[in-house]
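Please read all numbers here as calculations on a predicted model, not as lab measurements. In this chain, numbering begins with 1 at the start of the sequence shown.
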Amino acid sequence: MNTVASKFIAVATTIIVAGCAVDTGEDTQTTTEILTTAPADSPGQAAGVPITVVPDSFSKVGAFRVYDARKAVDLTGDGQPETVVVHAAGPRTDSARIDLVILGGNADTLFHHRFSTQLYFIYEYRSTMSDSAADAKIIANLRHLLSDSAFSTGGPPARMQKALPGGIDRDAIRYDLKEAAVRGKYGLNAAQQLTGPMFAEMEKVPVSNASIDSLATELKAMPTFTYYAGGEATYTVAWSQVKRRFVRIFSCC
């Protein structure tokens, strides 16, 4: 692990470890602190200043295993980089909680998806793998979240352009709008889990084809971020100036 990465973990992860012991689905102040803390030995760097740090291993912090990475990339199309953060922490690497976050220039949270490293073993028997093999698989997936291939400029990646009209999954946008409506109604942030009744309520949220068309037209030329969250869950998001948030434009296997 390089010096910058180790200092980043030493300074930042000690703030959050206690807050990761139990996943309550709530976003906590400690989470915000770690995501906006810059490495101690980065000259001129302060909280929220975009940098790129992608470690090749977890670090031990007390009883916890912690992985912290971030990448500076312009995802809103304004010529200024945002910071994509990958933070994973837990007593074990194969059951660590992952917070995938996109921070704006002012360290404000523009996007947040929380999931578990357990999802990387859905189609494999973890019990048949050595700890080192499991760690290697997890690290490979975490590093891939910030690989160059995860990002595109000037519209969706070529593979989506070939598979979908304009590279946009209209059903993904429809679902995104339904979910956003329910989250807005109950005041839930992106890290909080919807309940069963909320999912049922989502199905009843009306979404017009015109609203989908409008977003598809707006987002067809925007930068995109595609990430794999385990199992068959691959998502692509793009920034909407109209909605002032990231919108899911692809969701599939």
Notebook entry, point to check: In terms of hydrophobic clusters joined by side-chain contacts under 4.5 Å, are Tyr175 and Val242 together?
Noted result: no
Next item on the list: Could you tell me which non-hydrogen atom of Arg245 sits nearest to which non-hydrogen atom of Ala180, and how far apart they are?
Entry: NH2-CB, 3.4 Å
Notebook entry, point to check: Do Glu218 and Lys243 touch side chain to side chain, with heavy atoms closer than 4.5 Å?
Noted result: no
Check: Stepwise, does the side chain to side chain contact (heavy atoms under 4.5 Å, CB included) test hold for Arg248 with Ile173?
Finding: CA-CA 6 Å; Arg248 190 182 303 114; Ile173 292 180; over 6 Å; no
Note to self: Are the side chains of Phe246 and Leu75 in contact, using a 4.5 Å heavy-atom criterion?
What the structure shows: yes
Notebook entry, point to check: Do you know the tightest heavy-atom contact between Asp68 and His87?
Noted result: OD1-ND1, 2.6 Å
Check: Hey, are the side chains of Trp239 and Leu110 touching, using non-hydrogen atoms and a 4.5 Å cut-off?
Finding: yes
Next item on the list: Decide side chain to side chain contact (heavy atoms under 4.5 Å, CB included) for Val101 and Val84; before the verdict, give the C-alpha distance in whole Å, the side-chain angles of both, and the deciding distance to 0.1 Å.
Entry: CA-CA 6 Å; Val101 179; Val84 185; over 6 Å; no
Check: Could you state the interatomic distance from CD1 (Ile138) to CZ (Phe58), rounded to the nearest 0.5 Å?
Finding: 5.5 Å
Next item on the list: For residues Thr76 and Gln241, report the shortest heavy-atom separation together with the two atoms involved.
Entry: O-NE2, 3.4 Å
Next item on the list: Look at Arg170 together with Asp176 and state whether they make a salt bridge at an N to O cut-off of under 4.0 Å.
Entry: no
Check: Got a donor-acceptor contact below 3.5 angstrom from the Asp78 side chain to the Gln80 backbone?
Finding: yes
Check: How about Leu164 and Phe250: do any of their side-chain heavy atoms sit closer than 4.5 Å?
Finding: yes
Check: Quick one: does Thr226's side chain get under 4.5 Å of Arg159's, heavy atoms only?
Finding: yes
Next item on the list: Please check if the side chain of Ser95 supplies one atom and the backbone of Gln118 the other of a donor-acceptor pair under 3.5 Å.
Entry: no
Checklist line | Aromatic plane relationship, Tyr235 with Tyr227 - under 30° parallel, 30 to 60° tilted, over 60° perpendicular | finding: tilted
Margin query: As an exercise, state the distance from OG1 of Thr83 to CZ of Arg70, rounded to the nearest 0.5 Å.
Written below: 6.0 Å
Next item on the list: Identify the two heavy atoms, one from Val207 and one from Lys178, that lie closest to each other, and give their separation to 0.1 Å.
Entry: CG2-CG, 3.7 Å
Notebook entry, point to check: Can you tell if the side chain of Asp94 reaches within under 4.5 Å of the side chain of Tyr120, non-hydrogen atoms only?
Noted result: no
Check: Which atom names give the shortest non-hydrogen contact between Ala238 and Met222, and what distance separates them?
Finding: CB-CB, 4.4 Å
Checklist line | Gap between atom CZ of Arg143 and atom CG of Asn141 - 0.5 Å precision | finding: 12.0 Å
Check: If you round to the nearest 0.5 Å, how far is CD of Glu179 from CE of Met202?
Finding: 5.0 Å
Next item on the list: Please step through side chain to side chain contact (heavy atoms under 4.5 Å, CB included) for the pair Lys71 and Phe151, ending with a clear verdict.
Entry: CA-CA 11 Å; Lys71 183 168 186 171; Phe151 304 91; 3.9 Å; yes
Check: Can you get from Tyr123 to Phe121 by hopping between Ile, Leu, Val, Met, Phe, Trp and Tyr side chains that sit under 4.5 Å apart?
Finding: yes
Note to self: Looking at Lys220, I'd like to know if its NZ atom is crowded, meaning that more than 12 non-hydrogen atoms belonging to other residues, nucleotides or ligands lie closer than 6.0 Å.
What the structure shows: no
Margin query: Keeping Ser214 on the side-chain end and Ser211 on the backbone end, is there a donor-acceptor pair under 3.5 Å?
Written below: no
Check: Looking only at atom types and distance, does a side-chain atom of Arg183 sit under 3.5 Å from a main-chain N or O of Gln192, one as donor and one as acceptor?
Finding: yes
Next item on the list: Evaluate the side-chain proximity of Thr117 to Thr93: yes if any heavy-atom separation is below 4.5 Å, no if none is.
Entry: no
Checklist line | Side chain proximity check, Phe115 to Leu100, heavy atoms < 4.5 angstrom | finding: yes
Notebook entry, point to check: Where is the tightest heavy-atom contact between Arg126 and Ser130, given as atom of each residue plus distance?
Noted result: NH1-O, 3.9 Å
Next item on the list: Would you please test Asp135 and Arg65 for side chain to side chain contact (heavy atoms under 4.5 Å, CB included) and show each step?
Entry: CA-CA 11 Å; Asp135 281 357; Arg65 301 292 299 281; 3.8 Å; yes
Note to self: Rounded at 0.5 Å granularity, tell me how far CZ in Phe225 sits from OG in Ser152.
What the structure shows: 11.0 Å
Checklist line | Leu119 side, atom CG; Glu232 side, atom CD - distance, nearest 0.5 Å | finding: 12.0 Å
